[in-house]
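Each chain gets a letter, A, B and so on, in the order the sequences are listed, and its residues count up from 1.
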Amino acid sequence: MFQKILIANRGEIASRIIRTCKKLNIQTVAVYSEADQEAPFVSEADEAVLIGPAKVNESYLNAEKIIDVAKEHGVDAVHPGYGLLSENGDFAKKCNQEKLTFIGPKPEIIDQMGSKLTARNLMKKAGVPVIPGTDDPVSDTDEAKKFANEIGYPVMLKATHGGGGIGMEIVENDEQLEKAFDGNARRAEQFFGNGTMYVEKVINGAHHIEFQVLADHHGNTIHLFERECSIQRRHQKVLEEAPSVLLDAEVRQDMGKAAVTATEAIHYTNAGTIEFLVDKSSNFYFLEMNTRLQVEHPVTEEITGYDLVEQQLRIAYGEELNIKQHVASIDGHAMEVRIYAEDPKTFFPSPGKITTFEPPTENHIRNEVGVASGYQVTPYYDPMIAKMIVTGTTRDEVIEKLRDALVDYKVEGIKTNIPFLIDITNEVEFVRGNTKTSFINDYMKK
Amino acid sequence: MSEIAANMAGNVWKILVKEGDQVEAGQDVAILESMKMEIPIASEQAGTIKALKVKEEDFVNEGDVICEIE
């Protein structure tokens, strides 16, 4: 196994990766920015190196600096976490060139899946169903309008290199499309360095359901079932659960097979996620592939009993997968909530100093935390400060326990979305499992 | 004279007006950026921008004055 790895990330996911490394006796090197000097992950790592100022371009996105630190500290491999450089093919390539194993798939595959349009076309070729949409980029508003009128409104405008909900918007008519197109292209250009847009049909009443896949370097590919991630605001996930109440055994099997087919078709290796939209008649469509660990991976770990970070490390080291598809099974139910530093009503960010931070601790509660009492939440990074995962035998039981745990979750000094999360657990349509991607708009805007 | 204030904490990403500009009610005067989110700040009234109190890249807290309008 690796002796020492560098974690090219911050916050709760850096802490999460360090934990598995400690279990496997792997030494860890953390890198951090000036804004994160007091963050828990910095003291948890065996070594920690300051790499630059708060702004991500000068620290966490500074690939060369991070690789220099990795070389100076004699690490074997680099774990990119999620976000930041995790889906940057150039970074993966540079790591590999410097004989640092990038813990993830091959750089070419990151690039292919990073272009949503290329991914769509590859999946179509592999026989995986995709959402009706343009096979090529649309160059301007007129072209987008022409296609939108052909397939019929509403349509989704999407940046081919977008992510995290940035560069995408649903439009209902020509007028809205005209207003939205240039702004989204510009934002995508600014955030992702590529403003190419395409158009997809909106699948009404859809659920967002994704499959966890694992593939080793010896030709073994498995899936570890689904995560239901439909509850989103601004196309960012808020609450995730596994399994999904929408899927019966047959659909679950079909989707699992499609996920494995998709993974094999592109010769993928390491952990990945195939995202699907599923309509109420259980038709499913490939949405995109995330070529990294997902924020919501803990719900899969809780229901299957596997440590996904450990699996990533073993695969990257060249070990053969030790999980067989027919052995993997679902045990119980798990839900994850994302605690965001934001106003629970407007969803506007709320940076500031956390005066008290006391998450509840009980056997059925797992906390993944990036902050502590006295920590300053800065405006430079994603507003997610922690995750809480609650596990139980049935979904109803988990909802009850989650509601109680949220009431006991104490954060003072900044605004958080905890009151909003409690409202979700009290919403009758949520309890019924009627969790479409439009859930927050449909039921929570009272 | 009244003030246009920030409705969230963040960095001033863009200032869309200059002193002396005429603005309509509802017109955006600045865009704040925080935690990967852009929030436009609009003027609630029509008038003339009298004084800009921030510049691009400044950090503002919720309630800080962006500009004065008359």
Problem set entry | Nearest non-hydrogen partners of B:Gly10 and A:Pro379, listed with the distance |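 Closest approach of B:Gly10 to A:Pro379, heavy atoms only: CA-CB, 4.3 Å.
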Exercise. Closest approach of A:Val377 and B:Met35, non-hydrogen atoms and distance?
Worked result: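 Closest pair (atom of A:Val377, atom of B:Met35, distance): CG1-CE, 3.3 Å.
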For this session: Mind checking the CD1-OG1 spacing from B:Ile39 to A:Thr346? Nearest 0.5 Å is all I need.
Result: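 Rounded to the nearest 0.5 Å, the CD1-OG1 separation comes out at 7.5 Å.
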Problem set entry | For chain A, the option from B:Glu38, B:Met8, B:Glu62 that forms the most heavy-atom pairs under 4.5 Å |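 The residue among B:Glu38, B:Met8, B:Glu62 with the greatest pair count is B:Glu38.
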Exercise. Side chain to side chain contact (heavy atoms under 4.5 Å, CB included) with B:Ser34: which of A:Ser350, A:Pro383, A:Pro351?
Worked result: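 The side chain to side chain contact (heavy atoms under 4.5 Å, CB included) with B:Ser34 is passed solely by A:Pro351 among A:Ser350, A:Pro383, A:Pro351.
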For this session: Find out whether A:Phe348 and B:Met37 are in side-chain contact, i.e. whether some heavy atom of one side chain is under 4.5 Å from a heavy atom of the other.
Result: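 When only atoms from C-beta onward are counted, B:Met37 and A:Phe348 do touch, with a gap below 4.5 Å.
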Exercise. Given a strict heavy-atom distance threshold of 4.5 Å, which part of A:Tyr340 is in contact with chain B: side chain, backbone, both, or neither?
Worked result: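 A:Tyr340 has no heavy atom closer than 4.5 Å to chain B.
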For this session: Using a cut-off of 6.0 Å, state whether more than 12 heavy atoms not belonging to A:Glu38 lie near its atom CD.
Result: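 No, because the 6.0 Å sphere around CD of A:Glu38 holds 12 heavy atoms or fewer from other groups.
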For this session: Under 4.5 Å heavy-atom distance to chain A, tell me which part of B:Asn61 shows up: side chain, backbone, both or neither.
Result: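 B:Asn61 has no heavy atom closer than 4.5 Å to chain A.
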